[in-house]
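Inspection log for the structure reproduced underneath, given as structure tokens.
Residue numbers begin at 1 in each chain, while the letters A, B, ... track the order of the sequences. Atoms considered below: every heavy atom in the structure, side chains included; atoms not considered: hydrogens, waters and symmetry mates.
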Amino acid sequence: MKYEFSKIEKKWQAYWEAHNTFQSGKEVSKPKYYVLDMFPYPSGTGLHVGHLEGYTASDITARYKRSRGYNVLHPMGWDAFGLPAEQFAIKTGTHPKTTTENNIRSFKETLQAMGFSYDWQREINTTDPAYFKWTQWIFLKLYEMGLAYMSEVDVNWCEELKTVLANEEVEEKIADGYTVIRRPLRQWVLKITAYADRLIADLEDLEWPDNVKQMQRNWIGRSEGVNIDFELRCHNKKLRVYTTRPDTLFGATYLVISPEHPLAEKLATAQQLVEVKNYIKGAKLKTELERTGLQKEKTGVFTGTYAINPATGQPLPVWISDFVLTSYGTGAIMSVPAHDSRDWEFAKQYNLPIIEVIKSPHDVQEKVFEDKDSTCVNSSNSEINLDGLKFSESFEKMATWLETKKLGERKVNYKLRDWIFSRQRYWGEPIPIKHYEDGTLRTETSLPLVLPEVEAYHPSSTGESPLANIPHWLFGTDEHGAFRRETNTMPQWAGSCWYYLRFIDPKNSLQLIDPEKERYWMNVDLYIGGAEHAVLHLLYARFWHKVLFDLGVVSTKEPFKKLFNQGMILGEDNEKMSKSRGNVIPADHVLERYGADAVRLYEMFLGPLEQVKPWNTNGIEGISRFLSKVWRLVYPEHSLQPAPLTEEPMQEELLRRMHKTIKKVIDDTENLKFNTAISEMMVFVNELQKAGCKNRTAVESLLIMLSPYAPHITEELWESIGHATSISSTPFPTYNPALVEDSVLTIAVQINGKLRGTFLAPAKSPKEYLLTEAKKVESVIKFLEGQTIVREIVVADKLVSFAVK
RNA sequence: GCCAAAGUGGCGGAACUGGUAGACGCGCUGGACUCAAAAUCCAGUGAGUGAAUAACUCGUGUGGGUUCGAUUCCCAUCUUUGGUACCA
């Protein structure tokens, strides 16, 4: 019988569906394992081979864990709110709901054709009112806790999209060809900064890649410093700056404030006023990106005003420059040009003094010295002396001095900013807030607040969402009077911030999640997805999770215990797959040609899961050959009947190979090193074939080991050799440790580090025996002749090494 | 610029805590089977010298170092990829 993958794969997919093979949650006495994919946005372009990589990895893990006796939760759903469906609606008038439904259908077909063992009864969709009812519920909790507030903020306004973009999205949109300007608008904002410290601290215990943890820490950007108040000459006011280097106060030679600083214009002397005004005007025209990114040369303007350095009593000119950000710290800095490269550049540009206060190996007039490891110099007055102290001591001493003199106070700052949470779009969760005529706000009493049908999906010309154009939805009256509904909707991130919880209890209409089920299933044991979500999605989800923890909705501090980022699959030309390059390999295409098992195996065999690697269609042929070999183990060529399996004992070598293979496949599968697990199974199959082995244990062990990787062919062969139940519920084979080690080993002999010969020796041979035997090897004798052995090294079971002269 | 990761045959990659570099697969070469082809099977395949399945030399981006021994550790350097954008 021939191996016809298309017939077999359809047969078993239908079987699994009919038998609810992968329904989870029944056997709560077993240990649980929750393995989750980052759920996709169902786009119109369909899935390509790159998408399938992570899903295959999680599916192998899910199937493997089931086979090892775990109660596995492995769900899938749709992150279906989003811009593309809305844009398509604007263009064609098709309701985003229709577009979304069509795309979901096509995505689901592909995923099912891959044989993924999802529990489809738990499927969720973020645009389903039964789902977003709870997204809105969480928002109201945030509002009640004071974590959601409205603010008139300078936002990134995109004229073409008529919407506000998050800071994080700006670059991407500009790259897509949109223009973005700054403009003030009323926005809902979430106070993620209130959780900054916990978001850093709790990273500690997570099994996440170190680089992702580091990226999150950098993004939050906690820094410890001091706010210092500088006395201003000829003004009653003080100027407050933030610094992380109070230890260098003696070296501060000028101050800089941002153009948006409230004092910017007030500090300008009559003589400088025109120039200052022009500079401030110029800065307003630039976007944040222009100001911070492209510009290499520093610009600035002197206000004409001087402040007093509290340590030295020297006058410090106050400058205005746009390299100082309004949104960070106090919007003002003290400049220590000798020990900060930006300050140094600025000082050189405008000929300001540079004073060395940290012992430098070179002249600071020539080059900046930023190292913190050195000690202070030129840093004393009648009250304080920092000379000779290292950073941590001098920081402490100066901070304390400033605090006692009431000149400043310690302050922790973050780069992280609060999260602008509203969007001026139709296709998103409505924010369930009512605005009354007297200016009060009330929450919607009945959730979900659903989207009304609209005629057109264009944003309103005022910058509000299309919802502002629907009077019957927009306006209403209740016992508190007449109200207008909030027209902003939530960003796409909202639905993905908590979906992992809903999979645990997807149909609960009374609660977000049943606490008992939550305690059983949380945390997510393994979360697999692309590295592009390293910061935003994962940070937002962690933030919401902590809020839910504080509310008592969840019992764990963190949502995702172990995170794994799969590497991108590139096109055959070694470039990132994209429509414009025309190098996209669509999933359906390869599935039809090679079958799900081959695609699954090949994607895993390509290389380490975390690595970026190019697709090569030729390579998949080798996997097809491997599957045919497995098939022929059961159905010899030209035979319609499966070959009878025997109970005849295996040759010792083959038996040891089997146990080695089992061990390696277990170890590698646990560690997501699927490429080497597959190669080990290939070796085993090659040897079985060469030996013509039809031993039942050998063949069955192979099929079970292979089943998480290639579920369809193994189900079929499992049935062929006489089993009535699914291979997916069969326990994984175990190995005998005694049989994993070889009994006879090849020992290498090195002379001065070069390999000069090998010999065979029984395992665990004593040192003396190995030395004696090594000296008997012909090629070794030759090299030892006329030489003096100065050292003999023996590594048990591995090698003998002689150092000679 | 800064931060992180990585450079191994024609190609994707393998190599445990320093211990026989190149597993497995692709590709290629030769052979068997066939009228022929496909499929399958067998043998070979890092480079060089060599008649050789003898032997030796070189070889994990480059240059040094530590070591009996380095793809692995250290220093310097080049290249590539990802992240980030003056955060005081």
Under 4.0 angstrom between A:Gln689 side-chain N/O and B:C41 OP1 or OP2: yes
Would you jot down, in residue-number order, the residues of residues 791-800 of chain A having a non-hydrogen atom under 4.0 Å from RNA chain B? A:Arg791, A:Ile793, A:Val795, A:Lys798, A:Leu799
For A:Leu601 and B:C26, what is the distance between atoms CG and P respectively, to the nearest whole Å? 13 Å
Can you tell me if A:Arg756 touches the phosphate of B:U20, counting only side-chain N or O atoms and a distance under 4.0 Å to OP1 or OP2? no
Counting only Watson-Crick pairs (N1-N3 plus N6-O4 or O6-N4) and G-U wobbles (N1-O2, O6-N3), all under 3.5 Å, who is the partner of B:G82? B:C3
For atom CG of A:Leu570 and atom P of B:U80, their distance in whole Å: 16 Å
Check the phosphate of B:G25 against A:Asn686, side-chain N and O only, distance under 4.0 Å to OP1 or OP2. Yes or no? yes
Distance below 4.0 Å between A:Arg632 side-chain N/O and B:A39 OP1 or OP2: no
Please state whether the rings of A:Trp319 and A:Tyr350 are parallel, tilted or perpendicular, taking 30° and 60° as the class boundaries. tilted
Comparing A:Tyr602 with A:Phe802, nearest RNA chain B nucleotide closer to 5' gives the residue A:Tyr602
Counter-base of B:A88, judged by Watson-Crick or G-U geometry with both distances under 3.5 Å: none
Apply the syn/anti split at 90° from 0 to B:G9 and say which one it is. syn
Assigned partner base of B:G18, Watson-Crick or wobble definition, under 3.5 Å: none
Nearest whole angstrom, please: distance from the P of B:A39 to the OH of A:Tyr3. 17 Å
Kindly say if A:Arg240 contacts the phosphate of B:A88, meaning a side-chain N or O under 4.0 Å from OP1 or OP2. no
Atom-pair distance (NZ on A:Lys415; P on B:G83), nearest Å: 16 Å
Say you pick atom C1' in B:C75 and the same atom in B:U66; how far apart are they, in whole Å? 11 Å
Verify the contact: side-chain N or O of A:Ser223 to OP1 or OP2 of B:A88, cut-off strictly under 4.0 Å; return yes or no. yes
Determine whether the side chains of A:Arg542 and A:Gln216 contain a donor N or O and an acceptor N or O closer than 3.5 Å. yes
Which of these, A:Asn616, A:Val590, A:Val49, sits in a side chain to side chain contact (heavy atoms under 4.5 Å, CB included) with A:Tyr602? A:Asn616
Between A:Phe346 and A:Lys298, is there a cation-pi geometry (under 6.0 Å to ring centre, at most 45° from the normal)? no
If I take atom CE in residue A:Met215 and atom P in nucleotide B:A85, what distance separates them, rounded to the nearest angstrom? 10 Å
Any-strand Watson-Crick or G-U partner of B:U77, both distances under 3.5 Å: B:G61
How many Å lie between NZ on A:Lys754 and P on B:C56, as a whole number? 11 Å
Now, which nucleotide makes the Watson-Crick or G-U wobble pair with B:G10, with each of the two distances under 3.5 Å? B:C26
Would you mind reporting whether A:Asp343 and A:Ile354 have side-chain heavy atoms less than 4.5 Å apart? no
Distance, rounded to the nearest Å, where A:Trp319 contributes CH2 and B:C86 contributes P: 21 Å
With sugar-phosphate meaning primed atoms plus P, OP1 and OP2, does A:Asn675 contact a base, only sugar-phosphate, or nothing at under 4.0 Å between heavy atoms? sugar-phosphate
Heavy-atom donor-acceptor pair, A:Gln750 side-chain to B:G19 base, under 3.5 Å: yes
Under 3.5 Å on both distances, the Watson-Crick or G-U partner of B:A54: none
Pairing nucleotide - B:A37, Watson-Crick or G-U, each distance under 3.5 Å: none
Under a 3.5 Å cutoff, is there a donor and acceptor pairing between the side chains of A:Thr669 and A:Tyr709? yes
Modelled atom types, side-chain donor and acceptor of A:Tyr328 and A:Ser223, under 3.5 Å: yes
Checking A:Lys660, A:Lys764, A:Lys798 against A:Asp742 for salt bridge (charged side-chain N to carboxylate O under 4.0 Å, His left out), the one that qualifies is A:Lys660
Would you mind telling me which residue lines up with the more 5' stretch of RNA chain B, A:Lys664 or A:Asn752, judged by nearest nucleotide? A:Lys664
Side chains of A:Asp668 and A:Thr676: donor-acceptor distance under 3.5 Å anywhere? yes
May I ask you to evaluate whether A:Asn218 reaches the phosphate of B:C3, defined as a side-chain N or O under 4.0 Å from OP1 or OP2? no
May I have the distance from A:Glu370 (atom CD) to B:A88 (atom P), rounded to whole angstrom? 12 Å
For B:G69 and B:A21, measure between their C1' atoms and round to the nearest Å. 14 Å
